[in-house]
Amino acid sequence: MPEEHKKRPSWDEYFIGLVDEVAKRATCDRGKSGCIIVKDKRILCTGYVGSPPGFPHCNEVGHQLRQVINEDGTISKHCVRTIHAEQNAIAQAARYGIALEGTTLYCTMEPCRVCAMLIISVGIKKVVAKKRYHAAAETRELFKFAGIELVVMEDEVEQYSDQA
């Protein structure tokens with residue numbers, strides 16, 4: 001048997017691989033992200049970047065971009081048509097009555113500040129991100145303060161169009 005078939009992925013590697021599959025459902029190509037929330041090595045819910053149910057998606061009608069002036073004076077663009085993968089996963093759990101206390105969240109890149117606040121609020125205890133997010137410095141501080149473990153699998157920044 002070839003050597004690559006003998007090595008099983010770690011649980012973190014396994015779930016990050018599944019995040020890539022979930023991300024294929026994303027409907028905004030700017031931040032094609034996926035998310036899986038797990039407890040006791042069992043998937044509770046998933047989410048991907050997309051519009052709320054019944055609303056038009058970016059891949060159908062185009063992006064709904066807003067310019068944001070950052071503290072350092074740089075301007076970035078954000079698509080506001082869609083909900084982040086982490087937000088969609090948390091909303092799915094809420095819709096179906098799934099408690100997230102003590103869970104692990106797996107995602108494409110480090111969560112943004114808003115997603116970090118939601119993650120803290122619902123009691124998620126560990127976040128595993130495939131890559132870094134260019135604007136995640138505040139997220140790292142929030143997680144540290146809240147006692148949430150953050151693991152980044154690849155020390156590179158996720159790239160997407162119009163990124164500041």
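Reckoned from all heavy atoms, side chains included, excluding hydrogens, waters and symmetry mates. One-based numbering along the sequence shown.
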Indicate, with yes or no, if [Y] and [X] share a hydrophobic cluster defined by side-chain heavy-atom contacts under 4.5 Å among Ile, Leu, Val, Met, Phe, Trp and Tyr.
X	Y	value
F145	M117	no
Y48	I43	yes
F143	V151	no

[atom2] on [Y] to [atom1] on [X], rounded to 0.5 Å:
X	Y	atom1	atom2	answer
I148	T104	CD1	OG1	10.5 Å
T27	F55	OG1	CZ	13.0 Å
I90	C45	CD1	SG	8.0 Å
E110	E86	CD	CD	10.5 Å
L100	I124	CG	CD1	5.0 Å
I83	S51	CD1	OG	7.5 Å

Does the side chain of [X] reach to within under 4.5 Å of the side chain of [Y], using non-hydrogen atoms?
X	Y	result
K144	L150	no
K130	E154	yes
Q87	L118	yes

Taking all heavy atoms of [X] and all of [Y], pick out the closest pair and write down the distance.
X	Y	answer
P111	T139	O-OG1, 2.8 Å
P56	E60	CA-OE1, 3.5 Å
A23	S33	CB-C, 3.6 Å
V19	T108	CG1-OG1, 3.5 Å
P52	R81	CD-O, 4.0 Å
C107	I16	O-CD1, 3.7 Å

Using a strict threshold of under 4.0 Å (side-chain N to carboxylate O), is an ion pair present between [Y] and [X]?
X	Y	value
E13	K7	yes
D155	K131	no
K125	E149	no
D12	K126	yes

R140, CZ: over 12 other non-hydrogen atoms inside 6.0 angstrom
yes

Counting heavy atoms not belonging to M153, are there more than 12 under 6.0 Å from its CE?
yes

Could you tell me if H84 and T82 have a donor-acceptor pair between their side chains, going purely by distance under 3.5 Å?
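Judged by distance alone, the side chains do not pair up.
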
Considering the options C58, C79, S76, which one meets the side chain to side chain contact (heavy atoms under 4.5 Å, CB included) requirement together with L65?
C79

Do any N or O atoms from the side chain of D72 and from the backbone of T74 form a donor-acceptor pair under 3.5 angstrom?
yes

Does the plane of the ring in F15 sit parallel, tilted or perpendicular to the ring in W11? Use 30° and 60° as the thresholds.
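Parallel: the ring planes of F15 and W11 meet at under 30°.
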
